[in-house]
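Below: the structure, in structure tokens.
Note that the numbering runs from 1 along the sequence shown for the chain.
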Amino acid sequence: LPFANADRIVSVDARLSNMGFNVGLSVPFLDSIIANSKTLDGTAAYRTRQIGDSNAEGDGASTYNAGIVQPALFALLGARPQLGRLLTDEDAREGAARSVVISYDFWQNRYAGVPDAIGRTLKLGDGNYQIVGVAQRDFGFPQTTTQMWLPLTFKPADRDTSQAGSSGDLQAIARLPEGATFADVD
């Protein structure tokens, strides 16, 4: 992986061993893993989405690959902004103003690489988002084709233990502490 300390980054999954496939994580299940692990040194959850923007008439004009991420993901992967800033915990707070970080290529193609793209509004399927940053040129996660990152917000209902057995599209990565190996993961 093209990230700092890539040899210490692991995927966190819920797997049906007897059936041989992953089923996705629930928020309570991920919370439990984080709370009970003695070997993880940082975690970040994410989802992937196709998100459409709208033209002046309100019709879907384009569709983009988006990562809906916990802001900690950027630090975990050693990402830096090319311009502006990356997402923060404040951006992921329920009720916060909608923020988006765009990829370097999206910035070049859509905004011709102009610095005043920061602060502009990007109209996406569910509303308006303020561009707060441009990711560094070589950053691409969860896919190299990801064009934007929006904050992942968990509501109290998402954390309710009644959701613990639910599977879904939530995924996560974690970092192992210095000197730990994959065999040390608990």
Side-chain angles (χ1 to χ4, degrees), residues 1-3 9-14 22-34 40 42-54 60-107 109-110 117-118 120-136 138-160 163-164 166-175:
L1 299 174
F3 304 112
I9 297 172
V10 296
S11 177
V12 179
D13 291 311
N22 296 343
V23 294
L25 297 169
S26 66
V27 176
F29 188 60
L30 180 60
D31 286 346
S32 177
I33 291 169
I34 293 166
L40 299 181
T43 59
Y46 65 93
R47 292 183 167 112
T48 58
R49 292 279 186 274
Q50 292 282 308
I51 296 180
D53 69 356
S54 298
S62 298
T63 303
Y64 305 107
N65 295 324
I68 316 300
V69 304
Q70 287 186 304
L73 181 127
F74 295 107
L76 198 142
L77 295 175
R80 304 270 185 261
Q82 183 78 32
L83 184 69
R85 64 173 177 85
L86 300 175
L87 297 174
T88 66
D89 288 339
E90 179 62 25
D91 295 319
R93 184 182 51 77
E94 193 171 1
R98 294 178 174 188
S99 301
V100 62
V101 171
I102 58 176
S103 72
Y104 182 89
D105 289 342
F106 187 85
W107 177 51
N109 295 332
R110 175 99 177 233
I118 302 300
R120 288 191 188 182
T121 299
L122 185 58
K123 184 169 179 54
L124 298 173
D126 63 346
N128 294 326
Y129 289 78
Q130 182 181 32
I131 299 171
V132 297
V134 175
Q136 65 196 40
D138 59 347
F139 183 75
F141 187 89
Q143 299 146 349
T144 57
T145 57
T146 300
Q147 296 164 289
M148 60 188 65
W149 296 268
L150 294 84
L152 177 59
T153 302
F154 295 132
K155 298 177 175 131
D158 296 328
R159 295 188 184 282
D160 189 277
Q163 299 298 313
S166 302
S167 59
D169 62 352
L170 186 65
Q171 299 176 51
I173 58 171
R175 183 179 48 234

For the residue pair [X] and [Y], establish whether any side-chain heavy-atom pair is separated by less than 4.5 Å.
X	Y	value
Q82	F139	no
L170	L152	yes
Q171	L25	no
Q147	N65	yes
M148	L122	yes
F74	V69	yes
L40	I33	yes
L73	L87	no

Short question: side chain of [X], backbone of [Y] - any donor-acceptor pair under 3.5 Å?
X	Y	answer
T121	Y129	no
W149	F141	yes
Q136	R80	yes

Calculate, to the nearest 0.5 Å, the distance between atoms [atom1] and [atom2] belonging to [X] and [Y] respectively.
X	Y	atom1	atom2	answer
I131	W107	CD1	CH2	11.0 Å
R49	I68	CZ	CD1	6.5 Å
Y104	N109	OH	CG	10.0 Å
L77	I9	CG	CD1	5.0 Å
L150	I102	CG	CD1	11.5 Å
R98	D91	CZ	CG	13.0 Å

Practice item. Apply side chain to side chain contact (heavy atoms under 4.5 Å, CB included) to V27 and L30, showing your working. Key: CA-CA 5 Å; V27 176; L30 180 60; 5.8 Å; no
Minimum heavy-atom separation for [X] and [Y], please, with both atom names.
X	Y	value
S62	Y64	CB-OH, 3.3 Å
R110	D53	NH1-OD2, 2.9 Å
P142	T48	CG-CG2, 3.3 Å

